[in-house]
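Below is one structure, written out as structure tokens; comments come after it.
These figures come from a predicted structure and were not determined experimentally. All residue numbers refer to positions in the sequence shown, counting from 1.
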Amino acid sequence: MRTSDSATDTHCPYCALQCGMRLRPEPGGASVAVEERADFPVNRGALCGKGRTAPAVLSSRVRLTQPLVRTHAGRLEPATWEEALDAVAEGLARTGRSYGPDAVGVFGGGGLTNEKAYALGKFARVALRTSQIDYNGRFCMSSAAAAHQRAFGLDRGLPFPLEDIPRTGCVILVGSNLAETMPPALRYLTELKANGGTLIVIDPRRTRTAEQADLHLAPRPGTDLALALGLLHLVVAEGRTDEEFIAARTTGWEEARAAAMAHWPELVERITGVPVPRLREAVAMFCAPESAMVLTARGPEQQSKGTDTVGAWINLCLATGRAGRPLSGYGCLTGQGNGQGGREHGQKADQLPGYRKLTDPAARAHVAGVWGIDPDSLPGPGRSAYELLDALGTDVKALLLMGSNPVVSAPRAAHIEDRIRSLDFLAVADVVLSETAALADVVLPVTQWAEETGTTTNLEGRVLLRRRALTPPAGVRSDLDVLHGLAARLGVEKGFPTEPEEVFEELRRASAGGPADYSGITYARIEAEQGVFWPCPEGPAGPEGSHGPEGSPGTKRLFLDRFATDDGRARFVPVSHRDAAEVPDAEYPLLLTTGRVVAQYQSGAQTRRVDELNAAAPGPFVELHPRLAARIGAVDGSPLAVTSRRGRAVAPARITDTIRADTVFMPFHWPGEGRANSLTNPALDPVSRMPEFKVCAVRVEPA
């Protein structure tokens with residue numbers, strides 16, 4: 001590893017906070033040290049353990065440094081880059097010739113930079129001519145995105161910057177454990193309370209975040225929709241609606257109100273397990289101050305009714321005038337590092353760059369013009385993420401996968417592993433030999449965050465710039481290099497540059513005029529302004545290329561004047577409670593919910609290679625209540641078997657009174673017998689196609 005001579009300002013490779021950090025070469029130049037960047041406004045210097053230890057994954061001891069090709073004997077053996085790229089191009093081309101272009105699939109990741117996500121979507125549609133592309137961000141916040149679009153006409157995780165949170169009057173935090181998933185963001189809730197605001201946390205577990213709350217509601221998993229409707233019922237019954245706001249800035253209220261009024265408090269208590277007095281207390285706390293926010297995360301979103309659930313929380317904001325006003329609104333806490341930007345620029349099955357719809361003729365014409373192709377040659381929408389993975393080996397015979405590890409992260413993971421094994425051809429580009437990469441025919445070692453330049457878009461919609469701080473090992477290339485080499489071998493000689501800024505300049509043109517308009521954003525602006533919020537249309541340049549006074553400054557706060565719908569009004573959507581796709585019965589009497597722990601990240605492919613993080617979180621566990629433990633004879637630390645209709649997982653018991661007695665919890669970071677996603681239900685939300693990770697029926701017994 002060779003470093004640059006001076007420190008480099010960049011951003012953490014993990015979650016959607018994209019915390020600012022500084023990398024400084026250590027003596028001898030063999031590694032880099034992480035330093036705080038107190039000037040960056042999102043984290044103001046604070047870093048979690050994952051960010052502090054991120055350089056550990058740069059070590060050649062844990063990462064891939066040369067291509068691997070599977071031999072006739074079935075082993076992955078080192079190969080040259082030319083051999084590896086030839087093998088990938090031939091595998092993809094052969095499949096396309098034999099079965100048609102849609103027999104070739106592409107699966108991306110929410111950790112890819114905007115440049116790589118853009119290039120991957122273009123590669124699928126221009127070089128492969130396939131419609132079969134999606135990404136693991138579909139598993140992250142697609143339900144919130146769909147609800148955003150239905151209600152507001154635009155999806156950006158937070159319509160306001162994080163700095164607004166401490167200044168509002170009340171925050172309802174639904175299904176988020178910020179203390180473990182985004183530790184530096186917890187300060188915003190601490191400051192909220194210090195400023196006199198109140199915090200309501202909704203979670204079936206009393207997490208470290210819930211312990212900070214003024215009010216903690218612990219509903220039965222899968223009942224968040226009923227809870228939101230019950231709160232809206234009480235808002236109406238107690239005369240707390242903002243009729244002036246509803247009349248002036250919304251449509252559809254009568255239908256939404258009628259749906260909510262069918263969910264009276266006592267019914268909601270029976271469904272959720274939350275007592276009526278606590279429901280009334282939550283309504284009083286939310287409606288008392290002049291401003292308030294609702295923030296959701298994966299808890300309510302990763303459900304087979306996730307879009308409607310988020311829609312119900314949006315309805316609560318609209319009915320009380322808590323949207324489209326300063327210090328108020330609904331927001332989603334994006335999970336993956338570039339989960340926001342990753343879905344805006346074309347690696348999602350139904351979208352083109354700029355958050356354009358693939359079915360929109362004008363959008364197709366615009367993007368095709370930038371790409372220099374006939375709009376009619378663009379494939380239509382393909383399968384969503386789980387549906388694409390489920391089709392592997394049958395309709396989809398070959399797969400190019402970048403930046404994802406579905407063998408661990410997909411629901412019904414054992415089935416997905418079988419589908420991946422059944423492929424005629426699999427190529428994986430990754431930093432490490434993940435559990436999915438280990439099944440590939442070709443593995444391509446690619447650069448990491450500190451070894452490449454590129455942009456990401458954080459949970460606020462703030463476009464950020466990661467700067468290359470060091471030179472990657474000799475045997476490693478960037479994903480852009482990979483796509484360039486493959487496109488050339490597939491007969492597309494031009495259109496896939498390897499320089500990130502050149503790709504970003506094309507992305508700016510492709511996104512211009514779209515909902516996620518980046519055309520006014522440049523690398524220079526991002527550096528000068530600590531990030532630029534989209535939408536940001538292009539304006540005239542000022543002196544020395546600076547942004548001119550008539551150009552867009554970016555949009556820090558959305559919807560203050562109008563919503564992004566045709567008539568400028570937000571749309572109420574009437575929704576009603578329905579059960580989860582799978583409810584407990586005599587054979588599977590308990591509920592399983594899943595989530596993260598502070599020391600690991602996503603499928604753990606990278607963090608499980610860091611000694612310090614493994615010491616803090618060495619493996620999976622099953623969290624259960626003492627009453628349940630006594631009933632089944634479980635002992636703290638002893639192995640428990642958790643079984644669902646899809647599979648079985650075994651992990652040590654962790655007995656605690658911070659969880660509901662009818663619920664067990666497992667983190668999802670580990671493969672093998674403790675793989676939580678062996679159990680989870682792939683039942684899909686009909687709108688977002690989000691799988692129901694957060695609730696399924698299980699039985700638990702000593703192993």
| field | E452 and Q448 side chains, donor-acceptor separation under 3.5 Å | value | no
| When you measure from the side chain of N677 to the backbone N and O of V408, does any donor-acceptor pair fall under 3.5 Å? | yes
| query | Is it true that a side-chain atom of R646 and a backbone atom of T680 form a donor plus acceptor pair closer than 3.5 Å? | reply | yes
| query | So, D390 and R419, do they make that salt bridge, N to O below 4.0 Å? | reply | no
| A56 backbone acceptor or donor facing S59 side chain under 3.5 Å | no
| request: Could you go through the salt bridge (charged side-chain N to carboxylate O under 4.0 Å, His left out) check for R689 and E387 one step at a time? | output: CA-CA 9 Å; R689 317 309 288 169; E387 292 164 306; 2.7 Å; yes
| message | E83: which residues meet the salt bridge (Lys or Arg N to Asp or Glu O under 4.0 Å) condition with it, sequence neighbours left out? | response | none
| task | For E499, look at atom CD and say whether over 12 heavy atoms of other residues, nucleotides or ligands are found less than 6.0 Å away. | result | no
| For the residue pair F504 and E115, what are the closest heavy atoms and their distance? | CD1-OE2, 3.4 Å
| query | Any cation-pi pair here, K122 with F496, using under 6.0 Å and within 45°? | reply | yes
| query | Any luck finding a side-chain donor-acceptor pair between N458 and H11 under 3.5 Å? | reply | no
| request: For residues P183 and V598, report the shortest heavy-atom separation together with the two atoms involved. | output: CG-CG2, 3.7 Å
| query | Is there a donor-acceptor contact under 3.5 Å linking the side chains of T457 and N114? | reply | yes
| Distance (rounded to the nearest 0.5 Å) between C15 SG and N338 CG | 12.0 Å
| task | State, without any angle test, whether S688 and S143 hold a side-chain donor-acceptor pair at a distance under 3.5 Å. | result | yes
| task | Taking all non-hydrogen atoms of both residues into account, name the closest pair between L679 and C696 and its distance. | result | O-SG, 3.7 Å
| request: Report the distance from atom CD of E301 to atom SG of C140, rounding to the nearest 0.5 Å. | output: 7.5 Å
| field | Verdict with supporting geometry, T8 and R24, side-chain contact (heavy atoms from CB on, under 4.5 Å) | value | CA-CA 7 Å; T8 303; R24 185 175 299 279; over 6 Å; no
| said: On the six-membered ring of F621, is R654 placed so that its NZ or CZ lies under 6.0 angstrom from the centre and within 45° of the ring axis? | reply: yes
| remark: When every non-hydrogen atom of N614 is compared with those of R608, the smallest separation belongs to ND2-O, 2.6 Å
| message | For the residue pair R343 / Q351, report whether a side-chain donor-acceptor contact shorter than 3.5 Å exists. | response | no
| request: Output, in order, the C-alpha distance, side-chain angles, deciding distance and verdict of side-chain contact (heavy atoms from CB on, under 4.5 Å) for K116 and M402. | output: CA-CA 10 Å; K116 292 191 286 188; M402 287 185 162; over 6 Å; no
| message | Any non-hydrogen side-chain atom of V622 less than 4.5 Å from a side-chain atom of F665? | response | no
| request: Please name the pair of heavy atoms, one in L389 and one in A410, separated by the smallest distance, quoted to 0.1 Å. | output: CD1-CB, 4.1 Å
| Salt bridge or not for D395 and R383, using N-O below 4.0 Å? | yes
| Do the side chains of E26 and V32 get nearer than 4.5 Å, heavy atoms only? | no
| query | Okay, side chain of R129, backbone of V126: is any donor-acceptor separation there less than 3.5 Å? | reply | yes
| query | With distance as the sole test, does T95 use its side chain to make a donor-acceptor pair with the main-chain N or O of A398 at under 3.5 Å? | reply | no
| Can you check whether L58 reaches P55 side chain to side chain, under 4.5 Å on heavy atoms? | yes
| N/O donor-acceptor pair under 3.5 Å between R37 side chain and N43 backbone | no
| Given E612 and T53, is the side-chain hydrogen bond (donor to acceptor under 3.5 Å, both in side chains) satisfied, shown in steps? | CA-CA 8 Å; E612 180 179 329; T53 61; 5.7 Å; no
| Taking the six-membered ring of Y99 as reference, does the NZ or CZ atom of K397 fall below 6.0 Å from its centre and within a 45° cone about the axis? | yes
| Under 3.5 Å side-chain donor-acceptor pair for N136 and S404 | yes
| E82/R489 under salt bridge (charged side-chain N to carboxylate O under 4.0 Å, His left out): CA gap, chis, key distance, verdict | CA-CA 11 Å; E82 298 308 306; R489 285 165 170 79; 2.6 Å; yes
| task | Please say which of R467, R63, R466 ends up in a salt bridge (Lys or Arg N to Asp or Glu O under 4.0 Å) with E451. | result | R63
| said: Could you tell me if T113 and Y118 have a donor-acceptor pair between their side chains, going purely by distance under 3.5 Å? | reply: no
| field | Distance (rounded to the nearest 0.5 Å) between E505 CD and Y523 OH | value | 8.5 Å
| Ionic contact status for R675 with E435, cut-off 4.0 Å | no
| task | List for me each residue that meets side-chain contact (heavy atoms from CB on, under 4.5 Å) alongside D418, sequence neighbours excluded, and say none if there are none. | result | none
| query | Is there side-chain contact between N681 and R412, with at least one heavy-atom pair below 4.5 Å? | reply | no
| Check: N405 side chain, A605 main-chain N or O, donor-acceptor pair, under 3.5 Å | no
| said: If I take atom CG from residue D86 and atom OG1 from residue T80, how far apart are they, to the nearest 0.5 angstrom? | reply: 7.5 Å
| said: Under a 3.5 Å threshold, yes or no: a donor from one side chain and an acceptor from the other, between D134 and Q347? | reply: no
| query | Would you say the side-chain atoms of D102 pair up with the backbone N or O of S131, donor to acceptor, closer than 3.5 Å? | reply | yes
| said: Looking at every heavy atom in both W670 and V597, which two are closest together, and how far apart are they? | reply: CH2-CG2, 4.2 Å
| said: Apply side-chain contact (heavy atoms from CB on, under 4.5 Å) to residues L68 and E77 and explain how you reach the verdict. | reply: CA-CA 5 Å; L68 304 173; E77 299 287 354; over 6 Å; no
| What's the verdict on side-chain contact (heavy atoms from CB on, under 4.5 Å) for E36 and M21, showing C-alpha distance, side-chain angles and the deciding distance? | CA-CA 5 Å; E36 295 181 353; M21 60 169 59; over 6 Å; no
| message | Using side-chain heavy atoms (C-beta onward) and a distance below 4.5 Å, is R648 in contact with V642? | response | no
| request: Can you measure from CG (D441) to CG (L76) and round to the nearest 0.5 angstrom? | output: 8.0 Å
| request: Would you please test H345 and Y355 for ring-ring contact (aromatic ring centres under 6.0 Å, His included) and show each step? | output: CA-CA 6 Å; H345 298 300; Y355 227 139; 8.5 Å; no
| query | Where the side chain of Q66 meets the backbone of P445, is there a donor-acceptor pair that is under 3.5 Å apart? | reply | no
| said: Quiz question: by atom type and distance under 3.5 Å, do the side chains of Y14 and Q602 form a donor-acceptor pair? | reply: no
| Check: V370 main-chain N/O paired with R509 side-chain donor or acceptor under 3.5 Å | no
| query | Do F693 and F139 have their ring centres less than 6.0 Å from each other? | reply | yes
| message | Quick check for you: to the nearest 0.5 Å, what is the distance between Q18 atom CD and T10 atom OG1? | response | 8.5 Å
| request: Examine the side chains of R609 and Q606 and answer whether a donor and an acceptor come within less than 3.5 Å of each other. | output: no
